[in-house]
Engineer: 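Following this message is one structure expressed as structure tokens.
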Amino acid sequence: MSSAGLKGIKTVRDFELEGKVVFLRLDLNVPMENGKITDENRITASLPTIKYCMEKGAKLVLASHLGRPKTKDDKEFSLEPVAKRLQEHLNVEVILVEEPDSDAPKALLQSLKKNEIILLENVRFEEGETKDSVEFAQKIANYTDIYINDAFGASHRAHATIHALPSLMKDKGIGFLIEKEITMLDSLLTNPKRPYLAVMGGAKVSDKIAVIERLMDIVDGFVIGGAMAYTFLKAQGTPVGKSLVEGDKLRYAKEMIERIEARNKTMLLPKDHVVAKSFNDVASARTTKDIVISEDEMGLDIGPQTLREYSAAIKEAGTIFWNGPMGVFETPAFSKGTFGVSQAIAESQATKIVGGGDSAAAAEASGFADKMTHISTGGGASLEYLQGDKLPGLEILRARVRA
Ligand code: AMP
């Protein structure tokens with residue numbers, strides 16, 4: 001199965017931007033604690049497209065969502081702290097506009113100075129956003145000339161500023177961040193350097209089934225860790241004690257192991273574990289001697305023997321896709337497996353691409369994030385793209401080409 005990739009989609013480079021009002025949909029959905037941004041990767045990842053548009057003389061209207069506010073009064077979801085950081089990064093005045101569907105943006109745009117840009121307040125304050133409202137989108141279309149989507153992490157959602165708005169606009173395309181994301185993800189689907197290894201972990205098999213299905217015919221092997229490993233081990237008849245297991249996925253897991261073997265591919269599962277009596281009982285943590293977990297314990301990380309085996313496989317790989325931690329990496333006692341795998345991936349010569357969300361956080365926490373070829377800014381979006389789903393925010397930008 002080949003992906004349509006970026007075929008038929010224009011990029012910001014394809015437009016004459018001088019004097020034009022460019023609506024730039026970004027993913028500025030950064031994690032915050034008490035009004036402070038705790039990780040600004042999504043802001044810095046957005047800067048190249050913003051800077052390009054500014055250099056080319058566009059009048060910029062930026063927009064993003066932030067979190068899941070219920071009403072406009074949920075001020076903790078205001079983009080104000082983001083506006084401040086953008087201002088510092090770009091050295092321009094960032095004007096935060098509260099009513100994107102009012103006449104205010106239009107009036108502002110008429111007198112906008114060269115060193116000023118507009119940032120619309122959290123688009124999810126508007127009811128029409130998550131409803132993909134054409135009426136709401138039309139209000140924005142009335143004061144913008146060119147639509148650019150650079151919000152990869154939101155492109156799997158058919159929301160008004162991702163989908164309805166570009167459906168109304170003639171001139172539309174993507175920014176540099178989405179271009180890079182799709183190019184990187186496509187390199188995992190088409191002509192990957194071999195051997196190609198998918199390192200999968202995290203909480204649930206069920207979240208990853210569609211991706212595993214798609215990758216089964218493409219990769220040379222899987223390396224499995226995290227809680228999902230216990231569903232596979234149990235399916236094989238290994239005692240896993242109190243470890244997290246998805247009972248309704250045991251049959252699927254067993255069949256999957258058989259299908260991978262039938263294809264002559266490898267699937268590595270843990271051979272030893274770091275276990276404890278419960279998530280919180282760190283004092284009871286210990287390493288098992290072998291694969292068996294006793295009845296009153298649960299597996300919370302891969303063990304040292306497993307880490308050595310996984311690291312050796314990773315070292316030989318030509319392409320690596322990493323999605324999901326090997327254990328409960330947020331707790332230091334259960335983080336060695338995840339951080340060790342992260343180090344092995346970082347040190348390998350392979351093309352190494354990390355899925356977003358928890359995997360990105362794990363790569364970051366391990367201290368090896370800057371050694372990866374690419375860390376996706378979108379968790380859900382990157383998985384959906386890899387599993388072959390069409391992203392509404394991308395498809396709406398594709399010119400229909402007659403066969
Ligand atoms: P996911 O979002 O599916 O990638 O899952 C990430 C979460 O899985 C992290 O918060 C980890 O703490 C959790 N996790 C990883 N390994 C285990 C395990 N062995 N038991 C329980 N939770 C785990």
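The structure displayed is predicted, hence computed values, not measured ones. Remember, it's 1-based here, ligands and their atoms both numbered in the order they're listed.
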Engineer: What does the 4.0 Å heavy-atom contact list look like for ligand 1?
Structural biologist: Gly202, Ala203, Lys208, Gly226, Ala227, Tyr230, Leu244, Phe279, Gly299, Leu300, Gly324, Pro325, Gly327, Val328, Glu330, Asp358

Engineer: Show every salt bridge (charged side-chain N to carboxylate O under 4.0 Å, His left out) that has at least one partner inside residues 289-300, sequence neighbours left out.
Structural biologist: Lys277-Asp296, Arg286-Glu297

Engineer: Any side-chain to backbone donor/acceptor pair from Asp281 onto Ala276? Under 3.5 Å, distance only.
Structural biologist: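 Absent.
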
Engineer: Can you list every pair that meets ring-ring contact (aromatic ring centres under 6.0 Å, His included) and has a residue in residues 170-218, with sequence neighbours left out?
Structural biologist: Tyr52-Phe176

Engineer: Do the ring centers of His156 and Tyr385 come within less than 6.0 Å of each other?
Structural biologist: no

Engineer: Any salt bridge between Lys204 and Glu246, counting N to O under 4.0 Å?
Structural biologist: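 So Lys204 does not pair with Glu246 through a salt bridge.
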
Engineer: Name all pairs fulfilling the salt bridge (charged side-chain N to carboxylate O under 4.0 Å, His left out) condition that reach into residues 343-367, sequence neighbours left out, sorted by first residue then second.
Structural biologist: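 Passing the test, one end in residues 343-367: no pairs.
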
